[in-house]
Amino acid sequence: MSQFNQKVYELLIKVPAGRITTYKVIAETLGTKAYRAVGNALKNNPDAPRIPCHRVIKSSGNIGGFNGETNGKEIQQKIYLLKKEGIKIEEGQIQNLPDVLFYFS
DNA sequence: GCGCTTATCGCAC
DNA sequence: GTGCGATAAGCGC
């Protein structure tokens with residue numbers, strides 16, 4: 001666990017409700033291009049309820065590989081909640097990505 | 001639009 | 001030291 005992972009968690013925690021972010025944004029915010037490392041940080045996930053991995057998506061606007069592989073129902077429930085927040089998701093694909101995408105300005 | 005290649009970080013072997 | 005993994009961007013087709 002290095003500062004990289006630590007940063008990823010902190011950034012994720014900063015993400016407000018009803019908002020999501022992408023691996024690209026996180027990596028860029030950290031000043032690196034190790035997008036995959038971000039995914040690793042999330043899969044490590046030392047604070048599951050604190051680290052909303054389901055809020056982290058790919059730059060393409062579609063959910064990552066954790067969707068359906070973790071618990072299916074659980075992740076879908078979270079997605080449903082996000083949809084209620086205003087995020088439009090369909091089959092793991094973000095419809096209004098630019099509207100809900102959160103950048104760590 | 002799809003597939004292959006390169007870059008990059010952390011972790012396991 | 002090498003390879004793999006929740007990816008991304010570039011290049012060719």
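Note: hydrogens, waters and symmetry copies are ignored here, and every other heavy atom, side chains too, is used. Numbers restart at 1 for each chain; the letters A, B, ... are given by sequence-line order, proteins then strands.
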Chi-angle category of dA8(C) [syn within 90° of 0, anti beyond]: anti

Result of checking Leu12(A), Ile87(A), Ile89(A), Ile63(A) against Ile20(A) for side-chain contact (heavy atoms from CB on, under 4.5 Å): Ile87(A)

Separation of dA8(C) P from Tyr35(A) OH (nearest whole Å): 8 Å

Close residues, residues 2-16 of chain A, relative to DNA chain B [heavy-atom separation under 4.0 Å]: Ser2(A), Phe4(A), Asn5(A)

DNA chain B: stems of at least 3 consecutive Watson-Crick or G-U pairs whose donor-acceptor distances fall under 3.5 Å: B:1-7 with C:7-13, B:9-13 with C:1-5

Tabulate protein N/O versus nucleotide N/O from nucleotides 2-4 of chain C, keeping only pairs under 3.5 Å, one per line.
none

Val25(A) vs Phe102(A) side-chain heavy atoms within contact, under 4.5 Å: no

Any side-chain heavy-atom pair of Ile13(A) and Val15(A) under 4.5 Å: no

Glu28(A) and Tyr35(A), any side-chain heavy atoms less than 4.5 Å apart: yes

Short side-chain N/O contact to dA9(C) OP1/OP2 from Ser59(A), under 4.0 Å: yes

Which pairs of donor and acceptor atoms, one on a side chain in residues 41-48 of chain A, lie under 3.5 Å apart (sequence neighbours left out)?
unit_1	atom_1	unit_2	atom_2	d
Lys43(A)	NZ	Asn40(A)	OD1	2.5
Asn44(A)	ND2	Asn40(A)	O	3.1
Asn45(A)	OD1	Ala48(A)	N	3.3

Euclidean distance, atom CG of residue Leu97(A) to atom P of dA8(C) [Å, nearest integer]: 11 Å

Student check: side-chain heavy atoms of Thr21(A) and Leu11(A) closer than 4.5 Å: no

Asp99(A) side chain vs Lys88(A) backbone, donor-acceptor pair below 3.5 Å: no

Distance in angstrom units between Ile57(A) CD1 and dT7(C) P, rounded: 13 Å

Flag side-chain contact, heavy atom, 4.5 Å: Leu82(A) against Val100(A): no

Span of DNA chain B in contact with chain A (heavy atoms, under 4.0 Å): dA7(B) to dC11(B)

Selection: residues 24-34 of chain A, any non-hydrogen atom under 4.0 Å of DNA chain C: Lys24(A)

